[in-house]
2 protein chains.
Amino acid sequence: MSGALKDAAIRVERPAKTLRELALDKVREAIVNGYFRPGDRLVERDLCAQLGVSRTVVREVLRHLESEGLVANLPNKGPIVALLDIEEAKQIYEIRGALEGMAARLCAERGSPEIVAALEESLTAIRNSYRDQDMAAVLAHTSSFYQTLFTRVDRHVAWGVVNLLTVRINHLRSMTIKTEGRGTEGPLQMSKIIDAIRRGDGEGAQRAAMDHVAAASAIAEAVLSAQKPAE
Amino acid sequence: MSGALKDAAIRVERPAKTLRELALDKVREAIVNGYFRPGDRLVERDLCAQLGVSRTVVREVLRHLESEGLVANLPNKGPIVALLDIEEAKQIYEIRGALEGMAARLCAERGSPEIVAALEESLTAIRNSYRDQDMAAVLAHTSSFYQTLFTRVDRHVAWGVVNLLTVRINHLRSMTIKTEGRGTEGPLQMSKIIDAIRRGDGEGAQRAAMDHVAAASAIAEAVLSAQKPAE
DNA sequence: CTAAAGTATTTGGTAGGCCATAATACGATT
DNA sequence: AATCGTATTATGGCCTACCAAATACTTTAG
């Protein structure tokens with residue numbers, strides 16, 4: 001991140017976003033924050049009207065979301081918002097545990113103080129956001145905490161995988177962080193990760209990261225199984 | 001896998017494959033086995049002609065492959081077959097190591113003889129295919145070896161992730177298995193995984209699985225860096 | 001011989017239409 | 001009244017045709 005602004009400095013930052021990408025983001029966001037609920041049908045022509053784009057674009061967007069796992073396609077019935085089953089959620093958490101554990105270990109083994117500093121910055125932001133009850137900010141800073149973990153040791157592919165999986169459980173995440181006591185417990189677990197990284201304890205960092213995810217998973221499971229019978 | 005054929009027994013198994021899916025498979029296969037080479041442009045209208053389908057379908061297929069990482073989209077220039085850079089390949093192998101290690105550990109901890117039997121069956125098939133110099137069969141049976149590892153402990157999501165990543169390095173795989181001595185070394189490493197699982201040694205199974213992937217990764221790296229300067 | 005102007009090529013996106021299938025409503029028949 | 005066909009509708013899958021903008025390639029004029 002040193003000399004990357006040589007000719008990027010004056011570069012006109014054009015939106016460059018193709019209409020398709022804009023639509024994709026819109027629909028994904030609509031799903032993630034519950035405007036479309038799991039199980040809702042996504043009727044192509046309706047989406048065209050709502051988004052103001054053509055069917056071609058809508059269809060491409062739906063295909064993309066399908067491969068992200070946010071949308072499921074029922075044969076001869078069309079696309080719906082994917083329903084999240086508890087088994088799948090647990091598996092996603094498990095995978096995140098494996099990958100985040102790996103990244104944490106690598107960070108510890110690298111032993112760079114900058115990583116520790118960056119992580120602590122995110123953690124502070126998380127604590128502040130909890131204090132302010134700003135849950136959206138908690139999520140954002142938690143993401144950047146993990147992003148640091150992955151990208152500071154150049155594991156962009158793994159970070160991509162984690163992101164891909166995370167969108168599928170996003171509404172779960174927003175529920176887990178609101179859970180009783182999560183405001184102190186979560187940051188505490190994260191600080192353990194940082195501690196282990198600081199003292200170069202790869203094993204410990206890995207374990208701490210996995211513990212943190214496991215805790216989130218347990219809460220998510222409780223939340224999910226509590227709400228399933230209700231509906 | 002006990003009583004799942006209650007009403008599935010008579011279910012009419014219609015192909016149901018939509019044209020889009022057929023085209024998707026065709027193009028993916030064409031990329032994977034080198035009919036389209038990395039860097040080749042994928043001109044929509046040409047593909048339409050070659051596949052005998054409309055642009056609508058082709059575009060959706062290209063989007064899908066893009067999100068699989070097999071196709072890259074240059075802005076205002078169009079899609080090309082993604083080039084595989086060595087750094088990315090290493091990361092993919094690393095992730096596979098983490099996930100396959102996890103699955104192997106779970107298999108060991110479950111301690112079911114059926115898993116061991118299934119794995120051994122795949123391994124025998126692999127050995128036979130090596131003996132017959134049938135490399136396509138080696139790849140197929142290797143896949144089913146890992147599929148067993150994941151699906152017998154119900155880790156379908158992780159298996160999906162591994163598959164997603166694997167297509168991106170598929171041509172590497174076909175090169176690594178042809179490497180000198182891989183015909184005895186690879187199966188040997190796999191038999192170590194099985195041994196550890198058989199004696200319920202989770203830790204050992206995990207390590208053995210990770211070793212196996214690490215060996216493949218090392219070979220792939222050698223192959224890649226040997227061929228890059230050549231072109 | 002170079003620079004400018006024109007010409008393909010190709011993607012991004014739109015519009016609209018056709019057909020097959022599934023579900024629903026509706027009417028007829030026993 | 002219950003059942004059985006039969007329209008109707010909604011919708012996805014797929015197609016053709018078109019336009020605008022950007023890129024790449026030629027040709028022409030100075």
Side-chain angles (χ1 to χ4, degrees), chain A residues 7 10-28 30-31 36-83, chain B residues 7 10-28 30-31 36-83:
Chain A
D7 42 6
I10 55 145
R11 182 172 213 106
V12 46
E13 195 64 51
R14 69 162 166 175
K17 285 269 195 179
T18 142
L19 189 55
R20 200 178 59 237
E21 293 173 280
L22 294 175
L24 176 62
D25 291 344
K26 276 258 185 278
V27 178
R28 189 193 292 116
I31 293 177
F36 294 126
R37 310 273 289 277
D40 280 3
R41 292 191 64 182
L42 298 170
V43 177
E44 290 182 5
R45 284 159 171 103
D46 292 357
L47 283 177
C48 291
Q50 292 182 54
L51 295 168
V53 298
S54 76
R55 246 181 106 196
T56 313
V57 171
V58 167
R59 291 182 56 121
E60 288 175 350
V61 166
L62 289 175
R63 296 283 114 50
H64 196 114
L65 292 172
E66 193 184 343
S67 68
E68 277 183 18
L70 272 183
V71 164
N73 232 324
L74 309 184
N76 292 325
K77 272 194 81 176
I80 63 170
V81 178
L83 335 120
Chain B
D7 40 6
I10 56 148
R11 179 163 219 108
V12 45
E13 193 67 52
R14 75 163 160 176
K17 283 267 193 182
T18 139
L19 190 55
R20 200 180 61 235
E21 292 173 282
L22 294 176
L24 176 62
D25 290 344
K26 276 258 186 277
V27 178
R28 189 195 289 116
I31 293 177
F36 294 126
R37 310 274 288 279
D40 280 3
R41 292 191 63 185
L42 298 170
V43 178
E44 288 183 6
R45 271 146 176 122
D46 292 357
L47 283 177
C48 291
Q50 292 182 54
L51 295 169
V53 299
S54 77
R55 252 184 99 202
T56 314
V57 170
V58 168
R59 289 180 59 149
E60 289 174 26
V61 166
L62 288 175
R63 298 299 157 249
H64 195 118
L65 292 173
E66 195 184 339
S67 68
E68 277 184 17
L70 272 182
V71 164
N73 233 323
L74 310 184
N76 292 324
K77 271 194 79 176
I80 63 172
V81 178
L83 330 124

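These numbers come from the heavy atoms of this one structure, side chains and all, not from hydrogens, waters or symmetry mates. Reminder, nothing fancy here: chain letters follow the sequence lines and each chain counts from 1.
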Requested in this report: Take the protein atom CZ of B:R59 and the nucleotide atom P of D:dC14, then report the distance between them rounded to whole Å.
Outcome: 16 Å
Requested in this report: State whether A:N76 places a side-chain N or O below 4.0 Å from either non-bridging phosphate oxygen (OP1 or OP2) of C:dT21.
Outcome: no
Query raised in the report: What are the two closest non-hydrogen atoms of B:G69 and B:A82, and how far apart are they?
Result: O-CB, 3.5 Å
Requested in this report: Please report, rounded to the nearest Å, how far the P atom of D:dA22 is from the CG atom of B:N73.
Outcome: 17 Å
**Report entry** Nucleotide C:dA22, atom P - distance to CG of A:L74 in whole Å
**Finding:** 13 Å
**Report entry** A:E60 CD to D:dG13 C1', straight-line distance once rounded to whole Å
**Finding:** 14 Å
Requested in this report: Consider the side chain of A:V57, meaning its heavy atoms from C-beta on, and name the nucleotide among C:dG12, C:dT10, C:dT14 that approaches it most closely.
Outcome: C:dT14
Report task. Round to the nearest Å and state the distance from B:L42 atom CG to C:dG12 atom P. Result -> 12 Å
Report summary line: Taken in chain and number order and not counting sequence neighbours, the residues that satisfy salt bridge (charged side-chain N to carboxylate O under 4.0 Å, His left out) with A:E60 are A:R20, B:R59, B:R63
Query raised in the report: Taking all atoms of both residues into account, what is the closest heavy-atom pair of B:V58 and B:E44, and its distance?
Result: CG1-O, 3.9 Å
Query raised in the report: Does OP1 or OP2 of D:dA24 have a side-chain N or O of B:K77 closer than 4.0 Å?
Result: yes
Query raised in the report: Can you name the nearest heavy-atom pair linking A:A23 to A:L51, along with the distance?
Result: CB-CD1, 4.4 Å
Report summary line: Within residues 44-56 of chain A, those residues having any heavy atom closer than 4.0 Å to DNA chain D are A:E44, A:R45, A:R55
Requested in this report: Measure from CG on B:L19 to P on C:dC19 and round the result to the nearest Å.
Outcome: 17 Å
Query raised in the report: Would you call A:V81 and A:R37 a side-chain contact if the rule is heavy atoms closer than 4.5 Å?
Result: no
Query raised in the report: Between A:P79 and A:N73, which heavy-atom pair has the shortest distance, and what is it?
Result: N-OD1, 3.2 Å
Requested in this report: Would you kindly check whether a donor in the side chain of B:R20 faces an acceptor in the base of D:dG12, or vice versa, at under 3.5 angstrom?
Outcome: no
